[in-house]
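The figures here come from the full heavy-atom set of this structure, side chains too, leaving out hydrogens, waters and symmetry mates. Each chain gets a letter, A, B and so on, in the order its sequence line appears, and its residues count up from 1.
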Number of protein chains: 2
Amino acid sequence: MALPQRVKIIEVGPRDGLQNERHNIPISVRIALIEQLADAGLPVVEAGAFVSPLWVPQMSASGEVLSGIQRKAGVSYPVLVPNLRGLEAARAAGAEEIAVFGAASERFSQKNINCSIDQSLTRFATVVTAARQQGIRARGYVSCVLGCPYEGEVAPQTVVRVAAELYAMGCYEISLGDTIGVGTPLKALRMLEAVAREVPLACLAAHFHDTYGQALANLFAVLQLGLTNIDSAVAGLGGCPYAPGASGNVATEDVVYLLNGLGIATGVDLERLAATGRWICQRLGRRPGSKVARALAGRRNPPDCD
Amino acid sequence: MALPQRVKIIEVGPRDGLQNERHNIPISVRIALIEQLADAGLPVVEAGAFVSPLWVPQMSASGEVLSGIQRKAGVSYPVLVPNLRGLEAARAAGAEEIAVFGAASERFSQKNINCSIDQSLTRFATVVTAARQQGIRARGYVSCVLGCPYEGEVAPQTVVRVAAELYAMGCYEISLGDTIGVGTPLKALRMLEAVAREVPLACLAAHFHDTYGQALANLFAVLQLGLTNIDSAVAGLGGCPYAPGASGNVATEDVVYLLNGLGIATGVDLERLAATGRWICQRLGRRPGSKVARALAGRRNPPDCD
């Protein structure tokens with residue numbers, strides 16, 4: 001096993017999490033969530049998305065969120081941008097890092113961003129080039145790396161091609177998303193092995209949803225390959241529009257518990273993180289999607305064990 | 001990786017699951033649950049426990065349950081027995097397999113079965129010997145193999161000793177229980193490696209609770225060692241008295257989904273299993289603790305994906 005000594009956790013709750021929640025969250029709450037997550041030790045906290053508020057109303061006013069947060073030294077606050085217009089708005093709000101989001105499935109690409117994979121890559125190249133010219137780092141997402149809600153199985157070679165193009169155009173890190181959470185460990189491992197032949201492993205991140213409860217097992221599989229970057233969302237925020245009632249992103253608390261148990265450093269304070277998860281879930285009127293959070297809450301209020 | 005080609009799933013929902021539920025389940029429902037699980041392809045379905053109804057009221061009338069089920073050829077229906085009196089009651093109800101339950105923690109042993117580990121092993125030896133003389137197979141449980149609610153860390157050597165003694169006294173299979181679900185993959189792997197030096201791996205089972213969401217990751221770890229026996233409970237039935245709100249046994253649906261994805265045969269029909277899980281959860285007035293069950297339910301009633 002080539003388990004890494006340290007893993008960087010990319011906290012996506014304030015973006016990938018909240019954008020899939022039904023509530024419209026006040027800007028002040030979005031800002032407080034981001035700040036609390038950074039205070040809990042997360043080195044990267046995705047802060048918003050500069051996309052059409054018609055498509056993703058939960059992410060409207062991301063400019064006010066991004067410019068409103070008290071930034072912490074050493075912490076990155078990436079925001080999603082789909083095009084040059086989004087990049088301009090992000091830059092105006094002080095973004096130092098952006099992310100573009102492609103897919104490894106043609107039909108998902110059409111449904112999600114209204115263009116083919118090739119068209120999206122051409123557009124992203126323009127955005128990433130412009131961003132880098134302005135000193136803004138770019139991250140790339142690939143959706144549906146282990147399955148597509150429309151096409152079913154996705155060929156690892158499509159994932160490899162999209163990831164390699166994003167890397168070649170200047171994305172410093174490529175996040176490989178099991179968007180609908182259908183993957184299992186060997187599939188995750190084989191997919192990552194294939195991508196890592198074209199893109200350095202150190203520049204790849206696992207972005208697994210826990211829809212079928214497999215996310216931590218899949219993460220343990222890819223950690224054995226030496227992967228060092230993991231996306232997750234506090235309290236497992238987010239959902240999956242294709243499976244109502246199903247859970248969303250793997251919960252950051254559960255990932256940190258796993259990594260702590262494996263002796264892998266993250267710099268994250270689990271208790272503070274769990275407190276943040278409880279707080280945001282109270283605001284959203286939902287229970288935490290993190291089993292660690294629920295178990296820790298139980299331990300804080302233990303029953304009479306006799 | 002030494003992944004096995006086939007895994008035997010030991011369904012513990014009707015016992016370990018229901019005994020931790022608050023409801024008192026009608027005998028007819030317990031019988032129907034056991035029969036449905038066998039019909040879904042589970043080769044072993046734990047049917048009850050012959051313990052004091054004062055301690056575990058949910059398991060009272062296990063004799064009526066065991067004698068009431070329509071048995072299926074090739075399926076085992078083990079029942080828990082703590083002593084010779086329990087064995088006699090189980091035999092009278094037609095038990096062909098029993099299980100004794102010890103612990104790898106002194107304080108847990110005292111709290112759970114009111115005696116020391118050594119005292120319990122002496123008693124179990126009498127029970128197992130008597131059972132085998134009557135042609136009844138015996139299985140052995142070891143609780144707290146990855147942590148104890150009272151003692152914290154548990155030394156693998158204690159687990160090894162208890163497992164080896166249960167095996168030596170004639171238990172054909174030893175189930176290693178992470179009773180409070182605190183384990184992580186490397187700890188699970190090291191514990192199993194230690195036990196497998198004294199007891200053949202083919203005679204060991206993993207019995208992991210999902211309290212901290214780690215159960216599938218832990219199972220993926222021990223599967224890599226070649227483990228072929230897994231305990232689980234449909235719909236993740238059961239809870240953990242030490243962590244209110246926390247989940248109980250790892251859900252059989254999630255285990256089957258994992259194993260299907262790894263190409264490991266189980267003989268279990270996932271759709272039928274999930275239907276059984278939905279049915280019993282309706283009876284219990286709770287939502288399934290299986291993410292696979294919830295995701296499949298969502299797919300059966302898909303929203304408009306446009």
Per-residue contact mode, Ala293(A) against chain B (heavy atom under 4.5 angstrom):
neither

Going by ring pair (Phe, Tyr, Trp, His ring centres under 6.0 Å), name the residues that satisfy it together with Phe220(A), two or more places apart in sequence or in a different chain.
none

Residue part contacting chain B, namely of Leu3(A), when any heavy atom lies under 4.5 Å:
side chain

Can you say whether Leu189(A) sits under 4.5 Å from chain B via the side chain, the backbone, both, or neither, judging by heavy atoms?
side chain

Within this structure, what is the CG-NZ distance for the pair Asp210(A) and Lys291(B), rounded to the nearest 0.5 Å?
3.5 Å

Please find the pair of heavy atoms, one from Pro185(B) and one from Leu258(A), that lie closest to each other, and give the distance.
CD-CD1, 3.4 Å

Nearest-0.5 Å distance that lies between atom OG1 in Thr184(A) and atom CG in Leu216(B):
11.0 Å

Pairing residues for Phe101(B) by the ring pair (Phe, Tyr, Trp, His ring centres under 6.0 Å) criterion, not counting sequence neighbours:
none

Closest non-hydrogen atom pair, Val292(A) against Gln214(B):
CG2-NE2, 4.3 Å

Nearest heavy-atom neighbours spanning Leu186(A) and Leu262(B)
CG-CD2, 3.5 Å

Taking CD in Glu193(B) as the centre, count heavy atoms belonging to other residues, nucleotides or ligands within less than 6.0 Å. Is the count above 12?
yes

Give, as side chain, backbone, both or neither, the part of Glu253(A) having an atom under 4.5 angstrom from any heavy atom of chain B.
neither

Taking every heavy atom of Leu296(A) against every heavy atom of Tyr212(B), the minimum-distance pair comes out as CD2-CE2, 4.3 Å

Please identify, among Gly183(A), Gly213(A), Gly181(A), Ala215(A), the residue contributing the most non-hydrogen atom pairs under 4.5 Å to chain B.
Gly213(A)

Most chain B-contacting option - heavy-atom pairs closer than 4.5 Å, from Ala251(A), Ser290(A), Gly261(A)
Gly261(A)

Taking Leu219(B), Asp254(B), Asn218(B) one by one, which has the highest count of heavy-atom pairs under 4.5 Å against chain A?
Asp254(B)

